[in-house]
Amino acid sequence: MIGNFPYFAVILLIGCGIYILMFQKNLIKLAIGINLIENGINLFLITLGYRKGAIAPIYTQAPSGQAMVLPTPQALTLTSIVIGVATSALILSMAMMIYKHYGTIEVNEVRRLRG
Amino acid sequence: MNSFVELIHITILIITIFAGLLAVIFKKLLPAVIAASAVSLLLSLEFYLLHAPDVAIAEAAIGAGLTMAIFIFAIRGTK
Amino acid sequence: MLGLLETGSGFWSAIIWILLVLVIGGMVIYLRNKGEDSYKKNTEQDKPFISGNPEESKESSHLSASHIYWGFTEALKGYYDPLVKMHTGHINDYSGWIIVLTVIILIVIGVSG
Amino acid sequence: MREMSKIIRNVTNLVYGFIIIFGFYIIVHGHLTPGGGFQGGAVVASAFAAMLISYGQLNTKKFLNINIFSLLESCGLTMFIGVAFLGLGTTFFYNFLANSGSWFGNIVIPGINAGDMNTAGVLPLMNIAVGLEVFSGLGIIVLLMADGAEYTKKKEKAENDR
Amino acid sequence: MNLFNHTPILILAVPLLTAFLIPIIGKINKKTTGILATLALGLSLIMTIVLAAKVLSVGPQVYVFGEKSSLLTLPSGLKFPIRIMFQIDAMGIFMGLITALVSFLGAVYSLAFLDNKDKIDSYYSLLLLLTVSMFGMEFTGDLFNFFVFLEIASMASVSLICYRGADLGEPVEAGFKYMVVSSISALMVLFAVGIFYGEYDVLNIAAIASVVKYSQLDKIALGILVSVLAMKAGAVPMHMWTPDAYSEAPAPITMILVAASQASLYAIFRIVFSMYNITLNTLAVGWIIIILGLLSMFIGVTMAIIQKDIKRLMAYHAISQTGYMLLGVGVGLAVLANPEALKDYGITAMEGGIFHIMNHAMYKGLLFLTAGALFFRTGTRDLNKMGGLAHYMKYTTIFFIIGAAAIAGLPPFNGFASKLLIYESVYKFNPLLSIIAMVVSILTLASFVKVFHSAFLGPKLPQFKEVKEVPRSMVFAMAVLSCIIIFFGLFPDLIVKNLVHPAVMSLIEQLQYTGTVLGGM
Amino acid sequence: MKKIIFVIAFIVFFSFLVVSAVNMRPFGNPTFSEMDDYFIKNAQSETGANNVVTSIVFDYRGFDTLGEATVLFTTIVGIVALFRRITK
């Protein structure tokens, strides 16, 4: 019934993010787009690690005799979440500094460097 | 039983996608940020259902809490 | 021999090249020194002759950078205009070109099998 | 950012201590229950964010100091890489304490058990180091961005709000 | 505990530890941070040379994290490694040498260039972190670890690009643009990592190489990886961030950024050669890389001619020189499945391309440093406002002439040696490509004649009366690079035989890379 | 003109993503899981931690975690340098 539906959720989130990055014209919106791609890829990794009818990979007071989901993607996702918040923080502080110097956060006007 | 869990998965994912689309189409920044934060929150729920409690805690605290806070600071700083 | 670079179809050696340059340069200097001896320094001979007009001041005679290849860019206007126009400075374009190129590469890889 | 109404401040007063304690619990029990340095650090930092939002950054600066945070952050990172260096007798990041019988070195019976704090070798140490680094680091980010929001926004607008 | 066995990790760990300690030390004394960073980078340069000697004499080195012995790679009963490891072969150490040298000289140059700036401790910390991330990208044998280091590299370079952003708007704009594109690239790399993980359940590059099948998903992953990493390397038409970032960063950082983008180039080669090798359609992917190279060469150089900002001009040249590397290696890849052609000219073409990486790092670094020296004394980067500086800055002029001659491929400098290798071998593959490469070389010379004329020649200008030669540490950094350029130009065979040829062979022969980990499976 | 190219590219890129989603192995049934089975089986005895994820994060892939902490540190140093006019 569920089929490959989670993967489609992943690519829809990535698609939303890339759409924002390609067509929307506000610096903070761009940060939101990157955040969405990030979330999509996190979901992708966790989905890869899921195993039907398995439990979380923690031995403390676990029900016995059941398979566990794959733990590696969870470790990778933890890394990628922290990297994601770091990226957002840096991008947003740069957007604030751009506003300080330029007085705008519209993409059309933030282009003194060209040619 | 099994199909019930799958139904919950599908529902959460559909709401997540819907929130993601809202984050795209909202022109105002604050609603867009809140929609993006809702995506994070729902994903954290989905992570829990996928048996990844470690990631769920991290996503709830960082993705939904802190990221939204810094986005709101940034929106205040660019007004 | 040291400094001998095999290129598959021949070789290149900077040291031999330098020796050759030294030899040829020596010959050129020798020939030059044998040349015209009526030239004298600090006379009318070494002043620039600009069709009888007085020499301009040195500051205004310096050609600034944007004028150096004026003719070149003017001749290739049809090439340069769209090229410069492509460098818009929009961030959307930056990310857009990445997607465009990714798509092209994916199509080429997919078609070629 | 100005401070919020008195209700919100009181609720924050009540809650944020518990949030911080819960964060440290998550950090310390990282090798037994879901959680660890990152998650716990993030929870503690979100308590700081709540405080910042309800009290305004001018008041918050009285009890949260960026200099101390940056010191803590460097300490945490140095401790983390230091623990990794200590494994250099065999290789970098070698877990030299596990199953050794000394600190955090109790041998666990493989399989499901109730959990013993005194296991896992260097992992609890690394959890604490990373937790220290993450909560102070995210704290710096939140504090600096709140300051930056005041710094970069238009000045006359800020006057109107007051 | 034999520290000699741990050189691979100490190369990274020493600058990393210094970077973590610098914020604490900076609170006590700001002046010492620069010297400390230089010392750490010098130490890691020495260790890199030691490791290079070991790799070139003994063979590829493997360093496993957290295993009982640093040589034990496979846990019992498994076919592939589970831990993160460093796999350092000749190609990796070749890039490592470039990184170590360039960042050490950058730190030395910064001592005078950024004297008395505020928050100088942050600057040195970020410089060390950028260096560490480049080492990590070049040494690592794990795909996810590569992503992490890619992320550190982009964060550190963005922070350094907008280091002047507290007072000026343009650096922040450049940093923002670079951040957006490098986030996309890093996330796409992570997507590809996810694809590999989902398909094969391995993350080690050598282990993936042993199981990769070139299925539909592998093709998508390959396309994404090649395109986003080519973007990080600055290939046309995704080069637009390059002039922005290179021109707005402080000069020593620009020099290191060149090496950082070459680390991405290295990653393309690593993925195409070591991971896929002949399972992929070599002709198609080879032509993709060749065409990217041609576009980069031609558009880069033609855009450079019309620039007025000296560092922007040099940045466009960096794009065009990247094209040469892509061209050389692309030709090698196109004939990879054809042993005769590979032996006839493929290996030579790759030698040219790989040798050009090192040469480019050296002369482009030198040129950016001279541009920085001009900026340091005159306070402007606009070529229209400069003139007659040769009267005041004798050493800088000499260094500029050496660098410009090297980039234009004039004999006897090093640019000529690598370009000659590329011309001759590419001519056998397709004469047209070789001719375009030569035309580009001529245009390069033309645009540097323009810079030389407008910045250094001409009469003394009144506004530059106070200008004098730059401080000693800056001259030292430029002089070292000039000496290296001249040495490489005079004895190119030493470098090609001892460093470049092993690097090329370790790329072409996949087993040399995977065999060290998987034991010849 | 450029916008049309971008729209087409976006659509084609999205369709490639759809292709990859269709070709992905079925949800919930990993084809290969040797590495993870090794972790689940041996993590407890090798590192002594009950939480397998933590033992991967800090032991088997500890170097990644160091890199991740470094990313956070890099960002903070960068932001401090960017906002240096305020913090003085």
Side-chain angles (χ1 to χ4, degrees), chain E residues 9 13 16 19-20 22-23 65-66 75 77-86 118-119 121-123 125-126 129-130 132-133 136 140 142 144-145 147-149 151-152 155-156 158-160 162-163 165-167 172 175 191 195 198-203 207 211 215-217 220-221 223-224, chain F residues 2 5 9 12-13 15-43 46-47 55-88:
Chain E
I9 180 59
L16 197 58
F20 294 158
I22 273 181
F65 292 96
L78 271 184
K79 291 204 295 288
F80 43 81
I82 53 163
R83 289 176 186 263
I84 295 175
M85 59 177 59
F86 275 179
D118 50 348
K119 278 287 169 199
D121 48 339
S122 302
Y123 173 84
S125 193
L126 289 168
L129 291 169
L130 181 55
V132 167
S133 66
T140 190
D142 191 280
F144 188 77
N145 201 241
F147 158 77
V148 172
F149 280 112
E151 217 30 289
I152 302 177
M155 296 283 180
V158 165
S159 309
L160 284 167
C162 42
Y163 179 71
D167 312 305
V172 193
F191 186 68
I195 287 178
E199 263 194 306
Y200 307 117
D201 198 50
V202 283
L203 288 168
V211 291
S215 64
Q216 201 83 26
L217 283 172
I220 289 175
I224 288 176
Chain F
K2 200 171 64 192
I5 296 176
V12 178
F13 185 73
S15 57
F16 270 110
L17 286 182
V18 172
V19 169
S20 68
V22 170
N23 281 330
M24 216 63 192
R25 61 170 173 68
F27 172 69
N29 296 316
T31 340
F32 301 100
S33 59
E34 270 181 306
M35 181 166 72
D36 296 273
D37 289 339
Y38 179 87
F39 286 146
I40 291 170
K41 215 170 98 196
N42 296 332
E46 281 185 4
T47 66
S55 68
I56 292 175
V57 165
F58 288 108
D59 192 311
Y60 294 102
R61 305 191 69 83
F63 197 59
D64 270 351
T65 311
L66 181 62
E68 172 193 6
T70 312
V71 170
L72 199 56
F73 177 75
T74 313
T75 318
I76 290 153
V77 175
I79 296 178
V80 168
L82 192 61
F83 283 148
R84 60 176 176 265
R85 290 278 172 274
I86 322 170
T87 49
K88 238 188 332 198

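Atom set for the values below is all heavy atoms of this structure, side chains included, hydrogens, waters and symmetry mates excluded. A note on names: the letters A, B, ... follow the listed sequences, proteins ahead of strands, and every chain is numbered from 1.
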What part of [X] gets within 4.5 angstrom of chain F, counting heavy atoms only: side chain, backbone, both, or neither?
X	result
E:Asp142	side chain
E:Phe149	side chain
E:Leu16	side chain
E:Ile9	side chain
E:Phe20	both
E:Ile152	both

**OP:** Evaluate the side-chain proximity of E:Val211 to F:Phe32: yes if any heavy-atom separation is below 4.5 Å, no if none is.
**Re:**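 Sidechains of E:Val211 and F:Phe32: no contact.
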**OP:** Please state whether the side chain, the backbone, both or neither of F:Arg25 comes within less than 4.5 Å of a heavy atom of chain E.
**Re:**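 When you check distances to chain E, only side chain atoms of F:Arg25 fall under 4.5 Å.
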Subject >> Per-residue contact mode, F:Ile56 against chain E (heavy atom under 4.5 angstrom) >> reply: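 No part of it gets close to chain E.
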Name each donor-acceptor pair under 3.5 Å that joins a side chain in residues 70-79 of chain F to protein atoms two or more places apart or in another chain, with its distance.
unit_1	atom_1	unit_2	atom_2	d
F:Thr70	OG1	F:Leu66	O	2.5
F:Thr74	OG1	F:Thr70	O	2.5
F:Thr75	OG1	F:Val71	O	2.7

Original post:
How about F:Phe13 and F:Phe16: are their ring centroids closer than 6.0 Å?
Top reply: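 Centroid separation for F:Phe13 and F:Phe16: 6.0 Å or greater.
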**OP:** Output the option from E:Val172, E:Asp167, E:Asn145 having the highest count of non-hydrogen pairs under 4.5 Å with chain F.
**Re:**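 Heavy-atom pair counts peak at E:Asn145.
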Original post:
Among F:Pro30, F:Ala81, F:Ser33, which residue forms the greatest number of heavy-atom pairs with chain E at distances under 4.5 Å?
Top reply: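 It is F:Ser33.
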**OP:** Please name the pair of heavy atoms, one in E:Glu199 and one in E:Ser215, separated by the smallest distance, quoted to 0.1 Å.
**Re:**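 Shortest heavy-atom contact: OE2-OG, 3.1 Å.
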Original post:
With respect to F:Asn23, which candidate in E:Leu217, E:Ile220, E:Ile195 satisfies the side chain to side chain contact (heavy atoms under 4.5 Å, CB included) definition?
Top reply: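 That would be E:Leu217; it is the only one of E:Leu217, E:Ile220, E:Ile195 passing the side chain to side chain contact (heavy atoms under 4.5 Å, CB included) with F:Asn23.
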Original post:
Do the numbers put F:Arg84 on top of the ring of E:Tyr163, so that NZ or CZ is under 6.0 Å from the six-membered ring centre and no more than 45° off the axis?
Top reply: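 Checked: cation-pi criterion met.
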